[in-house]
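What's counted below: heavy atoms across the whole structure, side chains too, no hydrogens, waters or symmetry copies. Nothing here was measured: the structure is a model prediction, and the numbers come from that model.
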Number of protein chains: 2
Amino acid sequence: MKKKTTIYDIAKELNVTVSTVSRALNGFSTISEATRKAVLETAKKLNYSPNKLASSLKSGRTQTIGVIVPSTQVHFFASVIHSIEQTLKNAGYRVLLYQSNESLENEINGVKTLLEAQVDGIIASMSLETENVSHFQDVIKQQKPLILFDRTHKNINAPSVTINDTDAGYIATKHLIDQGYRNIGFVTTNHQIKIFNERFEGYKKALSDHNLPYVEDHVVFGGLSIKDGRFGAGKLLRSAKVPDAIIAGDDFTALGVIKKLKEQDLTPPKIGVMGFANETFSAFITPNLSTIDQQANKMGAECAKMFLKMVKKKNPYEKIEHIILEPLLVERQSTNKNNA
Amino acid sequence: MKKKTTIYDIAKELNVTVSTVSRALNGFSTISEATRKAVLETAKKLNYSPNKLASSLKSGRTQTIGVIVPSTQVHFFASVIHSIEQTLKNAGYRVLLYQSNESLENEINGVKTLLEAQVDGIIASMSLETENVSHFQDVIKQQKPLILFDRTHKNINAPSVTINDTDAGYIATKHLIDQGYRNIGFVTTNHQIKIFNERFEGYKKALSDHNLPYVEDHVVFGGLSIKDGRFGAGKLLRSAKVPDAIIAGDDFTALGVIKKLKEQDLTPPKIGVMGFANETFSAFITPNLSTIDQQANKMGAECAKMFLKMVKKKNPYEKIEHIILEPLLVERQSTNKNNA
DNA sequence: ATGAAAGCGCTAACAC
DNA sequence: GTGTTAGCGCTTTCAT
C-alpha cells in the first residue's frame, strides 16, 4: 500500500509550493489559469484525494452533522433520517448516525461521541427514558446547532421541529366523535415525553369541547407495542362501561388493539380504532387503520434546513425557532362507523 | 463562545507537558498515579473534550465506517443499518451514512465522500443502476475493508454477506409446489443485480426438479413496487394459461399482486402469492403474506464483524470470505392452499 | 501570482 | 516518570 498523495506531492511534481496547490484546488481567483490547470491535471494523474480531516482540523468545521434517534428500525425515524441525509448531502454535509435504543445512557454516549467527532451540529429525537437533559445542554454550550424533533423536552431551550401533538390528539378524537363514537378509550404510555402528554391533552380537550365526559377508566397507561395494545384493549373491554372506540398511542399499539378486538368479534369499525404515525403497514392491514400522519419526510427536511440556517450564524441561539407541522388525519376503514 | 480546552490548557494548569497529559488521558502505565489523577481531575474541571479529529489525523484512523445503502426508507436496509451501528458502536466505531437512492451517480459520490472523510472501511449494498463498479475498486486499492451485502456484483472481489438467493428462489417455489400449486408465475425485475438473477435461477431449478415446465409467459420482468405488482399480476391473468400461484420480487410487489387478485375475486390463497423480504407489513395484511426472510439483523451484524476482522489485518484482502446466510421460509395465509 | 511559515490538537519517538 | 519535538495534511496570513 503506497502512501497517499498529498498536496506536497503535487507541489513537488510541479515545482510550486503547497499554498499554490491548495489555492488551485480550492478555486481561488488569484491563481493563473495555467497553474490551476496544471495542478488539476497532476492531481488527477497522481490520484489525489483530499484529506478532509486535515482541513477540518484547521478550519474547525467538519461538514458533518450528528443524528441521534432511538432506532432506525422504527419507520418514522428511518424516514426522518432519509430526508435529513438527502437534504444535507446537497449542502455538502455528511451524516453521522447514532442510535440510543431508547436508553438514556446510550444517548449520553451518543452526544459525547458526536461532539468528540467534532460534528458541526446535532439533530436528535430523545429516548423514552430521557428526563435529565444536561447532555444536550453541552451541545448548546458549545454554541453548536442542536435541533430536536418529534420527541422534545420542556427543559431544553433549542429549536425544534414537531407536529402539533395537541392538535393530533384533538383531531383523532374529534374524528371519532364525528363518526358517531361517544365512549372513546385511550391506550398510551406513561413516559414523560411531551408529545404523549400533548396528545392526551388534545384528547381531553376534544371530549370536553363536545360535552363528553372524561372517564378515568377509559385511559390505559402502559407501553407502546402490539402486545401493549392487546393488553390495553383487553383492559378496556373489561371496564364498567366498554368504550365504543379506542385511540392507541401509535400504530403498533393500534394493531394490537385490533387483534384483540377481532378475537372478541368486535372488529373495527364496530369498535373504532385510531393510531398515530401512519406506518407503512397501516394502509395494508385489514381493516386498514385510520391514523395521524406525522409528516416524517417534511420533518426531516425542516430539521436539515433549520440546521443550515443556524450554522451560518455567529450566535445560532439568538432567535430560537420552533417549527410546528400540522398533523394529517388519515381516514380509513377502522373508524368508518357507517360501514360497521 | 470561549475557546475549547485542549491538552495544552491542562498541561499549563498543572505545570507538566502535553505528553504527560496525553499519556495520562490514554491510560499509559508509565504515568504516576498522582499525575494521572491530577490530569483527570483538571480535565474534568476545565470541561475537556478530546478532539478526535486531531488524533485521527495523526494516527490515520478515524474509528468511523461508511455505510452506503439505497435508502433508509426501505425497512430491510434500515434494519441492516440498525445492527451495523449497534455492533460497531460497542467496538468504538461510528457510522457515517450515505444513501444512493438507487442512483449510480450518488453512489459514486458516496464512495468519494466517505473516502475523503477518511473512513476506516465501507459497508455497502449497491444501487439497482450500478453495473460499472470502479468506484468500489478505489476502496480496495486503498486497502481499506470493503464489505458488500445483499446486493453484490460479480466484478468486485471483496468480502460479502448475502443470503443464498438461489435457495431463496428455490425454497419459495418449492413451498408453492408443496402446497399443491402447479403453474407458478414470477414477477421480477430486469436489473442486473445478482440476487434477482439467482432467485430466478432457483425458481427454474425448483420447477425442473419437480418436473414442471418452465413457461416463458409466466415470467414478467419489470420494476419492483406495488404498482409493478398490479401490472405484473394483470399480465399473468391475461396469459394463455393463467398461473395458480405468483412469486413476486419483493413484498411490495407481492402486495400489488394481492390487490389485483382481490379485485378479480381471486384472493390468495385461491391463487398463491409469495414475496421476498419479510417487510413489517407482510405479517399484518390480509391475507397475510408468505415470504422469504432475509435476516437483515444477522446480515448487519455479520457485516460489522467482518469489518472488525478485516480492519486488524495488514492485508485485509489476503483471504476474502463470503458469508452466505440461509433464507428463511415464512409460511402464512397467502399460500395456504388447503384453506383456499 | 506565488512562496514561506505558522498552526489546528494530538501522538510518539527520542531524550533525560 | 516526564520533557522535547517533529510531524499528520491542510489553510491562511504575511511577504515578495
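Contacts classified as ring pair (Phe, Tyr, Trp, His ring centres under 6.0 Å) and involving residues 93-118 of chain A (residues at least two apart or in different chains) are given here: A:Tyr93-A:Phe307. Among residue pairs with one or both ends in residues 112-134 of chain B, none qualify as ring pair (Phe, Tyr, Trp, His ring centres under 6.0 Å); sequence neighbours excluded. The ring pair (Phe, Tyr, Trp, His ring centres under 6.0 Å) analysis of residues 5-62 of chain B, with sequence neighbours excluded, yields no pairs. The side chain to side chain donor-acceptor pair (under 3.5 Å) pairs that include a residue from residues 51-61 of chain A are A:Arg61-A:Gln63, where partners are two or more places apart or lie in different chains.
A 4.0 Å heavy-atom criterion places the boundary nucleotides of DNA chain C facing chain A at C:dA1 to C:dG9, written 5' to 3'. Boundaries of the chain B contact region on DNA chain D are D:dG1 to D:dG9, first to last in 5' to 3' order (nucleotide atom under 4.0 Å from a heavy atom).
Evaluation of the salt bridge (charged side-chain N to carboxylate O under 4.0 Å, His left out) rule for A:Glu107 yields no partner, not counting sequence neighbours. Considering only residues two or more places apart in sequence or on other chains, A:Phe77 meets the ring-ring contact (aromatic ring centres under 6.0 Å, His included) condition with none of them.
A heavy-atom distance below 4.0 Å to DNA chain C is reached by these residues of residues 6-16 of chain B, ordered by number: B:Thr6, B:Ile7, B:Tyr8. Scanning residues 39-64 of chain A for heavy-atom distances under 4.0 Å to DNA chain C yields A:Leu57, A:Lys58.
A donor-acceptor pair shorter than 3.5 Å can be found between the side chains of B:Ser127 and B:Thr130. With 3.5 Å as the limit, one finds no donor-acceptor pair spanning the side chains of A:Gln99 and A:Asn106. For the residue pair B:Ser160/B:Thr162, the side-chain donor-acceptor check at 3.5 Å is not satisfied. With no hydrogens or angles considered, no side-chain donor-acceptor pair links B:Ser19 and B:Ser22 at under 3.5 Å. B:Glu116 and A:Ser49 are not linked by any side-chain donor-acceptor pair at a separation below 3.5 angstrom, with hydrogens and angles left out of the test. A:Ser103 and A:Glu129 form no side-chain donor-acceptor contact under 3.5 Å, judged by distance and modelled atom types alone.
To the nearest 0.5 Å, atoms CG (B:Leu97) and CD1 (A:Ile81) are separated by 7.0 Å.
Under the 4.5 Å side-chain criterion, counting only non-hydrogen atoms from C-beta, B:Ile7 is in contact with B:Val18.
Across all strands shown, B:Thr17 has heavy atoms under 4.0 Å from base atoms, whether or not it also approaches the sugar-phosphate. Among the atoms of the strands shown, only primed sugar atoms or phosphate atoms (P, OP1, OP2) are found under 4.0 Å from some heavy atom of A:Thr20. Heavy atoms of B:Thr30 sit under 4.0 angstrom from at least one base atom.
Each of B:Ser29 and A:Thr5 lies near DNA chain D, and the nucleotide nearest B:Ser29 is the one positioned closer to the 5' end.
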Expected list for residues 40-47 of chain B: side-chain donor-acceptor pairs under 3.5 angstrom, two or more places apart:
residue: B:Thr42; atom: OG1; partner: B:Ala38; partner atom: O; Å: 2.7
residue: B:Lys45; atom: NZ; partner: B:Glu13; partner atom: OE2; Å: 2.7

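Recorded end-axis angle for the helix from C:dA1-D:dT16 to C:dC16-D:dG1 stands at 40°, based on five pairs per end and rounded to 10 degrees.
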